[in-house]
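From a predicted model like this one, the values you see are computed outputs, not experimental measurements.
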Amino acid sequence: MSQIFDEVIDRTKTNSVKWNSREELFGSATALPMWVADMDFRNSAQIRLALHKLIDEEILGYASPSNALLESIICWQKERHQMTINKKNLLFSPGVVGALAVCVQALTSPYEGVLIHDPVYTPFSSVVQSNNRRVYRTPLVIENGQYRMDYDHIEKSFKENSIKMFILSNPHNPGGRIWSKEELILLTDLCIQHEVILISDEIHSDLVYTDSSIYSPVSLKEEYKKWVVTLHSASKTFNLAGAKLAFYIVYNDKLKEKIETVQHETEQNSISTFGMVATEAAFSKSKEWHKELMEYLEENRNLVADFFDKEFPEVFYMKPESTYLFWFDASSLHIESDKLTETFIQKGDIALNAGAAYGESSNQFMRLNFACPRSVLEEGLQRIKTVFNSVKR
């Protein structure tokens, strides 16, 4: 079935941000885009069929969450993440970043502290700052080739900076790290001890490779449900970012009420009919597609790692346990951090994400998206090789 994912689709005719913003963002209309977390694979046949049926048989008016959507989420989370969810535990949003903004507004007050990792997904910082809260960062430490949390630093920040919220990327973007049960327990216990709300962004949690297992804090201890808000969406796993649907899992009625209040105040409580239909079809009818996707992505991941091992043995990278993002250290090029993106464009005509956007500690890293047909990935790797070879000379 790999031919499904081997198909090269011309996305330049679809107003794709990934493909149509190359000249504007990178200064090259021909750059191979391997940056934003958006897969170059056709959506599952079941999702496309459900959307065709929607267009053919229904009117695109206002919609409320269907029972089919709710049940699909409940069953998926139970099967994949050992979560027991009732319909009343679910709220909806156009996207996870928007939901994150609502959580910041609802569960903290202006100028209060919010703690995030360094490095971590860029909007974690921007959403907090744009809502007049104070951003504090706690560094991730590299041990045995992967990130580890510094719990002493986290607790110190909780005490000194009046932290009211911790935003966790679970699994970690951009490093691809899956936090263990023990790590999540240590973090959540610290949050409870210091009365800090934990927001767990789990949008990548269904992109897990065979050598790893994913955990959600709310599945570990019953008491955690009072302190944790989980954010999720089918958008990364099933490539549905344009359908605009994400959801909150909230067990604490007081937290839920506060979130609902801000949703109403900001008109963030409606859903996309397309997102509803696509998400339900993803979770309830696209399991085989998902299985084949993960097999293909795992082969891509191993291809990238083997290529780096062979061609750039001096380059440190993190082999992702989850996500389709490859995080590597480009410091051996001896290029200033603010020139790295430009160098990869000029020397290899390849568009990657610069690590500096994710935090000060990663300003020599680059992020590569390998969710693409293998022929495209192989071309991208050759372009990266051209960069390393030309700069070293």
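- Linking Ile, Leu, Val, Met, Phe, Trp and Tyr whenever their side-chain heavy atoms come within less than 4.5 Å puts Tyr151 and Val228 in one cluster.
- Between Phe328 and Phe344, the ring planes lie perpendicular to each other; the angle is over 60°, past the 30° to 60° tilted range.
- Summarising the geometry of Cys103 relative to Leu231, their closest heavy-atom pair is SG-CD2, 4.4 Å, with the distance given to 0.1 Å.
- Between atom OG of residue Ser169 and atom CD1 of residue Ile116 there is a gap of 10.5 Å, rounded to the nearest 0.5 Å.
- Rounding to the nearest 0.5 Å gives a distance of 11.5 Å between NE2 of His194 and CD1 of Ile192.
- Atom CD of Glu223 is surrounded by more than 12 heavy atoms from other residues, nucleotides or ligands within 6.0 Å.
- When every heavy atom of Arg367 is checked against every heavy atom of Pro174, the shortest pair comes out as CD-CB, 3.6 Å.
- Atom CZ in Phe92 sits 10.5 Å away from atom OG in Ser233 (nearest 0.5 Å).
- Around CZ of Arg80, the count of heavy atoms belonging to other residues, nucleotides or ligands within 6.0 Å exceeds 12.
- By the neighbour-count criterion of 12 heavy atoms within 6.0 Å, atom CD of Glu360 is sparsely surrounded, having that number or fewer from other residues, nucleotides or ligands.
- Under the 30°/60° scheme for interplanar angles, the aromatic rings of Phe283 and His232 are found to be tilted.
- Inspection of the Glu202 and Asn170 side chains reveals an N or O donor paired with an N or O acceptor under 3.5 Å.
- Glu298 and Thr210 are linked by a side-chain donor-acceptor pair at a separation below 3.5 angstrom, with hydrogens and angles left out of the test.
- Aromatic ring pairs are classed by plane angle as parallel below 30°, tilted from 30° to 60° and perpendicular above 60°; the pair Phe308 and Tyr317 is perpendicular.
- Residues Trp179 and His204 keep their aromatic ring centres 6.0 Å or farther apart.
- Asn43 contributes atom CG, which lies 11.0 Å from atom CD of Gln46 (distance to the nearest 0.5 angstrom).
- Arg177 places a side-chain heavy atom less than 4.5 Å from the side chain of Arg148.
- Cluster annotation: Val262 and Ile271 are assigned to the same hydrophobic cluster (Ile/Leu/Val/Met/Phe/Trp/Tyr, side-chain heavy-atom contacts under 4.5 Å, transitive).
- Taking both residues in full, the closest heavy atoms of Arg22 and Thr30 are given as NH1-C, 3.9 Å, listed atom of the first, atom of the second, then distance.
- For Phe41 and Tyr296, the ring centers are positioned less than 6.0 Å apart.
- Remark: the Asp206 side chain and the Trp76 side chain contain an N/O donor-acceptor pair separated by less than 3.5 Å.
- When every heavy atom of Tyr224 is checked against every heavy atom of Ile185, the shortest pair comes out as OH-CG2, 3.3 Å.
- Side chains of Gln268 and Thr266: no donor on one and acceptor on the other come within 3.5 Å.
- Within the cation-pi definition used here (under 6.0 Å to the ring centroid, within 45° of the axis), Arg301 does not qualify as a partner of Phe326.
- Closest approach of Asn363 and Leu340 over heavy atoms only: O-CD1, 3.8 Å.
- Around NZ of Lys221, the count of heavy atoms belonging to other residues, nucleotides or ligands within 6.0 Å exceeds 12.
- Side chain to side chain, Thr84 and Lys78 meet the donor-acceptor criterion of an N or O pair below 3.5 Å.
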Q: Apply the test ring pair (Phe, Tyr, Trp, His ring centres under 6.0 Å) to residues Phe5 and Trp289: give CA-CA distance (whole Å), side-chain angles for both, the deciding distance (0.1 Å), then the verdict.
A: CA-CA 10 Å; Phe5 303 104; Trp289 184 91; 5.7 Å; yes
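- Residues His117 and Tyr358 keep their aromatic ring centres 6.0 Å or farther apart.
- The number of heavy atoms from other shown groups lying within 6.0 Å of CD (Gln193) is above 12.
- For the residue pair His153/Thr138, the side-chain donor-acceptor check at 3.5 Å is satisfied.
- Residues Ala354 and Thr341 approach most closely at CB-OG1, 3.2 Å, considering heavy atoms.
- Put simply, the side chain of Ile203 reaches to within 4.5 Å of the side chain of Ser235, judged on heavy atoms.
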